Amino acid sequence: MIRLGIIGDPIAHSLSPALHGFVLKSLGIAGEYRAYRVRESELQEFLATHRELAGFNVTIPHKERILGYLDELSREARLIGAVNTVQNKQGKLVGYNTDCVGFLRPLRARNFSPKRAILLGAGGAARAVAHALLQSEVAALTLYNRSAERALKLAKELQKLYPSPKISVADDPRALPLQHVDLLVNATPVGTQSDALPIPLPARLSKDLIAYDLVYNPPKTRLLLEAERRGARILGGLDMLIYQALESLKIWLERPDLEEQIEYDTVSQMLKHLAHPHPQPLSPARERGAQG
Ligand code: NAP
């Protein structure tokens, strides 16, 4: 019996237990995957007292801070500076990052190769997204984060590692070059089980823009709903959730062939049923409020 889980705070919205439970069952593996609410101040104690876990995922707000408590890091996790997957290797905690691959695969599956991107957020998930984009064809990346200093620090770090692409930071969401990019990524939790918009959107968006929300609950967030209404193409976070989960399971189960045994569409349908219902379209009065 393999014991797995996810740590984070908040964690009640997570679909990871249902997803991993379903995949383990499909593979005929006896195991459990539980959600653990772990507050920032409880992280160290959790790691010391839950050595029965063979592996676990890491989500908001621990992806960066956990690096300091792990015994080893994969090359990718060290480069990105964030961990979303931990393997307990005979008592040694080893950190990996599967968000990077998980983020790119849905883009690749749709033949999207963005060249200019805006990234909202500067936390653990945003780090993985930024590295994924800068290792691909992206030539210009603009970061925007609620706390500007965190975005500035990340931009500096990225520019050192990737000297060619132009990396900039916007300090006002209204100044974001939305008409000049082909990808907008939300890597903040804004929109999770709420109808909040992470940034105000202009009345029209280009059909060449893809709005990609990492938030997957609801599957079609307010950002996606509004971006689509304004003419952009959209991509929700459920596909990334599935791909990063499968990459984590490959590590824990040491089964690189695992995807051949899984029916992707069945997993995706099951998660869509479990996710929160879509937000309602905004009334004109509420829309003005949301954009103001
Ligand atoms: P994190 O490391 O804690 O970073 C959170 C980021 O969001 C920070 O940049 C933070 O800004 C910003 N933020 C938080 N609350 C905000 C608010 N109310 N308004 C504006 N900005 C806010 O978290 P994370 O691990 O990167 O996760 C971010 C989100 O991505 C979560 O919702 C997570 O579920 C989602 N995610 C989804 C997938 C997937 O597979 N679909 C994978 C990874 C992550 P400050 O710096 O100002 O605090």
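Keep in mind it's a predicted model, so treat the numbers as computed, not measured. Whatever order the structure lists them in is the order used to number ligands and atoms, beginning at 1. Start at 1 with the first residue, then count along the sequence.
Residues passing the salt bridge (Lys or Arg N to Asp or Glu O under 4.0 Å) test with Arg150, sequence neighbours excluded: Glu64.
When only non-hydrogen protein atoms are considered, atom 28 (C) of ligand 1 lies nearest to Ala187 O, 3.5 Å. Of all protein heavy atoms, the one closest to atom 42 (C) of ligand 1 is Met240 CE, 3.4 Å. From the protein, the heavy atom lying nearest to atom 2 (O) of ligand 1 is Gly124 N, 2.8 Å. Atom 13 (N) of ligand 1 has as its closest protein heavy atom Pro189 CD, 3.6 Å. Shortest contact from atom 25 (O) of ligand 1 to any protein heavy atom: Lys63 CD, 3.3 Å. From the protein, the heavy atom lying nearest to atom 23 (O) of ligand 1 is Ile60 CG1, 3.3 Å.
With ring centers used as reference points, Tyr162 lies under 6.0 Å from His131. Aromatic rings of Tyr264 and Tyr243 (six-membered ring for Trp) have centroids within the 6.0 Å cut-off, being under it. For an aromatic pair to be called close, the ring centres must be under 6.0 Å apart, and Phe103 with Tyr212 satisfies this.
Between Glu228 and Lys220 there is a salt bridge, since a side-chain N of the basic residue sits under 4.0 Å from a carboxylate O of the acidic one. With respect to the salt-bridge test (charged N to carboxylate O, under 4.0 angstrom), the residues Asp239 and Arg110 qualify.
Using a distance-only test at 3.5 Å, with no hydrogens or angles considered, no donor-acceptor pair links the side chain of Arg174 to the main chain of Pro200. In this structure, the side chain of Asp182 does not engage the main chain of Asp208 through any donor-acceptor pair within 3.5 Å. Here the side chain of Asp71 pairs a donor or acceptor atom with the backbone of Leu93 at under 3.5 angstrom.
In terms of polar-atom proximity, Leu238 is not counted as a contact of ligand 1, lacking any N or O under 3.5 Å from an N or O of the ligand. Between Gly237 and ligand 1, at least one N/O pair is under 3.5 Å apart. At least one N/O-N/O distance between Asn145 and ligand 1 falls below 3.5 Å. Polar contact check, Gly121 against ligand 1: no nitrogen or oxygen pair lies under 3.5 Å apart. The shortest N or O to N or O distance between Val215 and ligand 1 is not under 3.5 Å. Checked by distance only, ligand 1 and Ala125 come closer than 3.5 Å through their nitrogen or oxygen atoms.
Here Gln244 has side-chain heavy atoms under 4.0 Å from ligand 1, and that is the only part of it that gets that close. Residue contacts with ligand 1, taken as heavy atom pairs separated by less than 4.0 Å, involve Val190 solely via side-chain atoms from C-beta onward. Counting heavy atoms under 4.0 Å from ligand 1, residue Ala82 does not touch it at all.
Under a 4.0 Å criterion applied to the non-hydrogen atoms of Tyr216, ligand 1 contributes the atoms 41 (N). Ligand 1 places these atoms under 4.0 Å from at least one heavy atom of Ala122: 9 (O).
Proximity annotation for atom 33 (C) of ligand 1: of Thr59, Asp99, Leu214, Thr59 comes nearest, heavy atoms only. Taking only non-hydrogen atoms, the option from Gly123, Ser147, Ala126 nearest to atom 4 (O) of ligand 1 is Gly123. Considering only non-hydrogen atoms, atom 8 (C) of ligand 1 lies nearest to Arg150 out of Lys153, Arg146, Arg127, Arg150.
The environment of Asp257 atom CG is dense: over 12 non-hydrogen atoms of other residues, nucleotides or ligands sit within 6.0 angstrom. Atom CZ of Arg233 sits in a crowded spot, with more than 12 heavy atoms from other residues, nucleotides or ligands closer than 6.0 Å.
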Please lay out, stage by stage, how Glu259 and Arg105 fare under the test salt bridge (charged side-chain N to carboxylate O under 4.0 Å, His left out). CA-CA 13 Å; Glu259 281 184 56; Arg105 283 191 61 182; 2.8 Å; yes

